[in-house]
Amino acid sequence: MAVANILVVEDDPTIRELVRLHLTSANHEVLTAADGLQGLQMAVSRLPDIIISDVQMPNMDGFGMLAAVRANDQTASIPVIFLTAVDDRESFRKSMNLGADDFLHKPVKRSELLNAITGRLKRMEGNRQSGVHATLSGTDVKATASLRAAAQAAVAGNGPDTGAGGPAGAALPQARPPARARPKRSLDLTSHLTSMEERSPPDVRAATTRETVYGTILFADIRNFTTMAEALEPEQVVEFLNAFFSQACEPILDQAGWIVKFLGDGLVAMFDARSGSDDHAERALKAAVLMVLAAHRFKPWIREKHPGRNLPDFSIGVGVHTGDVSVCRMGSGEATETTVIGDTVNLASRLEGKTKELGWSIVASRASVKSAGRRFIPGRSGQLTVKGRTGAVDIVEITGLTARPGADTSFYQMIVDAISSNSAIIAAGRPLDATPPPPAPTLPPPPKVRKPPEDGPISIDGYRLIRKLGEGGMSKVFLAEELETRAQHVLKLLPIPATDDEDGNEMMQRFIQEFALVSQIDHPNVARIYHQGFTDSYAYIAMEYFPGGDLRELIARQLSAPVAVAILLQIAGALTAVHAQGIVHRDMKPDNVMIRADGSLALADFGIAKNTNSDIQRTKHGEVFGTPYYLAPEQALGLPVDQRTDIYSLGIVFFEMLIGHRPFQADNAQALMYQHVNAPIPRLPEPLVRFQPVVDRMMAKKQVDRYATANDLIDEVIASGLAAEPG
């Protein structure tokens, strides 16, 4: 292991001495300081290779010292590793915004400390070997001049298309940013760019004219850049682009990607096979999520650099697609330029452009997501119709990255929060007529096989089945542990039917549709759905586990009226989000309202839900779905359903919560359906008569007489004072 000069800044003498002993035992040279001010003085005078500092200290805390280190040209590039409390999330956030490099939990273990130091030293050595120059080559000068010209042209409004969706072949000369850059410094790409000829992988450099490789393309673009550029001077725009790209390009380089070209306020990068490894899609998506995190951290730089300018919130959009890419070398000698062209490049550009319409931070093709593995957290999904292509492209929103076993989960939560914040900014600027994409298509399952024997073992890759929770129809439900995260999930399994099994194939279509529908919904009172996959014998969905059981168990304990109202409002809130996506649940009942460990509720089981915005799997006339006790009259008659259908069923659930039994009782389903259509709405007893108007309107026989929306129901319950009664 390389030997380093390390400065340890810690006010607790016991911890300071422990860290010093760990480091000296590995032959590192160690300097120590008792507070941030002393540490800053030693950093400037001694210029250590690495600084390890506590966050909370007297005189000057770790944040102040870090900010001062980053603001000084001599010390700005020194890696800073913070020592923090395990649950100190706010310190993590603040540290990342200021540019901290790593975190270690106290009390720090020797192995963790030395691993962090070794990793940091390897990265520093890699940066030195990658050819980051203090002077420029002729190509560097041209690249920087082109970047500055593109920025000034964008300000003037007469330059080339600066969005990443511009022509894939016309672009700036290839260049790479510095391996490390800090938002506190006034950065200039003219001091750091190196030619793409030096950066390009060997297989790209060796190409003569054109070479087709299988890889992943990443497009990134700054949202609202035109508005921001109009508020700044041309020189300020150049400084702004320099500072941001210096940070945003770092994840690409860290993930062994190469910057193909800058496109004004955007860029395109390529990830291809390294040493026979086929993980380019995974590396590209990692770079994408880390770029969004870099954009989130960059916002303080803008606020501090341009106070009072009333600039729009800063955000970026990223598109990622995997496929065959043509890598072309054009020109000769110093004028040689390497670029990428082809359908994969064009489609990645289209995906990036789609972020503006959808309000998503990262739009990836399903091909990229499938190749990247299961660590990436999917959000909503849909389709993109591309002119000139015979079929639509399946797209997936990426909302985060799951932590590896034993890793610091706080960092991964920062990524999730950054992506969520970035998406909210994009969504706020969406056109008013923008509509979400249709749900993901009903993907064909893998080659179908006969159902395995009942006593045959069930194996799901990545999970350990703990116990069976239930079985109904053709599906089985298991409690399972995800091996990578140790989290408990519920796995809903459906046997893959034989090719000629018409009923089984229809069940499979609905099973696939369930994931497509629920993955679009983000609401605290809707069950979370994590993943869908296939084995040779089963299709499965991984869902949230509810240790508290379901609402039926609560009803059996006799709920008070205020508790019933509180539950009604939570379920109605869930329906508001569900209906906003054009989805009708069609199976509202206590068994499908689940209880979390903290007591909150979540609407679950969208197995027979219907998307009213889609022509896929439109219900046949006369076809009845739902549970007889909770059917709306139009369901009983096989007529079209809408969101008011769910409100009727919720009315029955509310009646049952108040009374302890269902409003209609019968010996068979036919008699129950008759009562839903013809029987008068039962009356509540005297102590509960104040709720009768709400029940009457929810359970009105005609759809037009019910609440038009679940939100209308919430408003009336609150306005009437029913929600304010003491429990």
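Contact annotation: the side chain of Thr709 approaches that of Gln643 to within less than 4.5 Å [non-hydrogen atoms, C-beta and beyond]. Side-chain contact between Pro685 and Ile659 is present, with heavy atoms from C-beta onward closer than 4.5 Å. Asp417 places none of its side-chain heavy atoms less than 4.5 Å from the side chain of His296. Taking 4.5 Å as the limit, some side-chain heavy atom of Pro663 sits within range of a side-chain heavy atom of Met699. At least one side-chain heavy atom of Arg366 sits under 4.5 Å from a side-chain heavy atom of Ser381. At least one side-chain heavy atom of Glu656 sits less than 4.5 Å from a side-chain heavy atom of Pro590. Contact annotation: the side chain of Leu351 approaches that of Ser365 to within less than 4.5 Å [non-hydrogen atoms, C-beta and beyond]. In this structure, Phe691 and Leu658 have side chains that are in contact, with non-hydrogen atoms separated by less than 4.5 Å.
Of the charged side-chain nitrogens involved, none lies within less than 4.0 Å of a carboxylate oxygen, so that Glu482 and Arg486 do not count as a salt-bridged pair. Arg644 has no carboxylate O lying under 4.0 Å from a charged side-chain N of Asp646, or vice versa, which leaves the two without a salt bridge. The pair Asp696-Arg683 meets the salt-bridge criterion, since a charged nitrogen lies less than 4.0 angstrom from a carboxylate oxygen. The existence of a salt bridge linking Glu481 and Arg467 is excluded, since no basic side-chain nitrogen approaches an acidic carboxylate oxygen closer than 4.0 Å.
Summarising the geometry of Ala561 relative to Arg690, their closest heavy-atom pair is CB-NH2, 3.9 Å, with the distance given to 0.1 Å. Shown here for Pro693 and Val689, the closest heavy-atom pair between the two residues is CD-O, 3.8 Å. Pairing each heavy atom of Met588 with each of Tyr630, the nearest pair is O-CB, 3.3 Å. When all heavy atoms of Ala527 and Ala602 are compared, the closest pair comes out as N-CB, 3.7 Å. Shown here for Ala572 and Ala710, the closest heavy-atom pair between the two residues is O-CB, 3.5 Å. Closest non-hydrogen pair, Lys701 versus Val677, comes out as CD-O, 3.8 Å.
Summarising the local packing, CG of Asn668 is surrounded by more than 12 heavy atoms from other residues, nucleotides or ligands at distances under 6.0 Å. With a 6.0 Å radius and a threshold of 12 heavy atoms from other residues, nucleotides or ligands, Asp667 has its CG atom at or below the threshold.
In this structure, Gln488 CD and Leu479 CG are separated by 4.5 Å, a value rounded to the nearest 0.5 Å. Expressed to the nearest 0.5 Å, how far CZ of Arg697 lies from CD1 of Ile647 amounts to 9.0 Å. To the nearest 0.5 Å, the span separating CG on Leu491 from CZ on Arg464 amounts to 12.0 Å. Annotation: the span from Phe546 atom CZ to Ser600 atom OG amounts to 8.0 Å, rounded to 0.5 Å. Taken to the nearest 0.5 Å, the CZ atom of Arg528 stands 10.0 Å off from the NE2 atom of His489. Atom OG1 of Thr355 sits about 10.0 Å away from atom CD1 of Ile362, to the nearest 0.5 Å.
Judged by distance alone, with hydrogens and angles left aside, the side-chain atoms of Ser361 form a donor-acceptor pair with the main-chain N or O of Ser423 at under 3.5 Å. When atom types are taken as modelled, the side chain of Lys589 and the backbone of Leu631 share no donor-acceptor pair closer than 3.5 angstrom. With Gln665 contributing its side chain and Arg662 its backbone, the two residues share a donor-acceptor pair below 3.5 Å. Proximity of a side-chain donor or acceptor of Ser421 to a complementary backbone N or O of Ala418 within less than 3.5 Å is not detected. For Glu397 (side chain) and Gly379 (main-chain N/O), no donor-acceptor pair under 3.5 Å exists by modelled atom type. A donor-acceptor pair under 3.5 Å is absent between the side-chain atoms of Ser368 and the main chain of Ala364, judged by distance alone. Between the Gln692 side chain and the Leu684 main chain, a donor and an acceptor come within less than 3.5 Å of each other. For the pair Glu282 (side chain) and Ser371 (backbone), a donor-acceptor distance under 3.5 Å is absent. Using a distance-only test at 3.5 Å, with no hydrogens or angles considered, no donor-acceptor pair links the side chain of Arg375 to the main chain of Leu401. At distances below 3.5 Å, at least one donor-acceptor pair connects side-chain atoms of Asn525 with backbone N or O atoms of Leu601.
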Please determine whether side chain to side chain contact (heavy atoms under 4.5 Å, CB included) holds for the pair Val641 and Arg586, giving the CA-CA distance in whole Å, both sets of side-chain angles, and the decisive distance to 0.1 Å. CA-CA 8 Å; Val641 300; Arg586 297 203 298 182; 3.9 Å; yes

Show your working on side chain to side chain contact (heavy atoms under 4.5 Å, CB included) between Tyr538 and Ile458 and close with a plain yes or no. CA-CA 9 Å; Tyr538 287 94; Ile458 298 176; 3.7 Å; yes

Please assess Arg374 against Glu484 for the test salt bridge (charged side-chain N to carboxylate O under 4.0 Å, His left out), listing each intermediate value before the final yes or no. CA-CA 10 Å; Arg374 296 175 52 192; Glu484 187 170 315; over 6 Å; no

Determine, step by step, whether Val320 and Val363 satisfy the side chain to side chain contact (heavy atoms under 4.5 Å, CB included) criterion, reporting the C-alpha distance in whole Å, the side-chain angles of both residues, the deciding distance to 0.1 Å, and the verdict. CA-CA 7 Å; Val320 179; Val363 178; over 6 Å; no

Working for side chain to side chain contact (heavy atoms under 4.5 Å, CB included), residues Met698 and Leu650: CA-CA 8 Å; Met698 293 177 73; Leu650 180 55; 3.6 Å; yes

Stepwise salt bridge (charged side-chain N to carboxylate O under 4.0 Å, His left out) check, Glu634 with Arg706: CA-CA 13 Å; Glu634 59 270 20; Arg706 297 175 206 150; 2.8 Å; yes

Go through the steps to decide whether Glu352 and Arg223 satisfy the test salt bridge (charged side-chain N to carboxylate O under 4.0 Å, His left out), and finish with yes or no. CA-CA 11 Å; Glu352 182 280 317; Arg223 300 275 78 92; 2.8 Å; yes

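The one candidate from Thr399, Ile398, Val369 that meets the side chain to side chain contact (heavy atoms under 4.5 Å, CB included) condition with Phe376 is Ile398.
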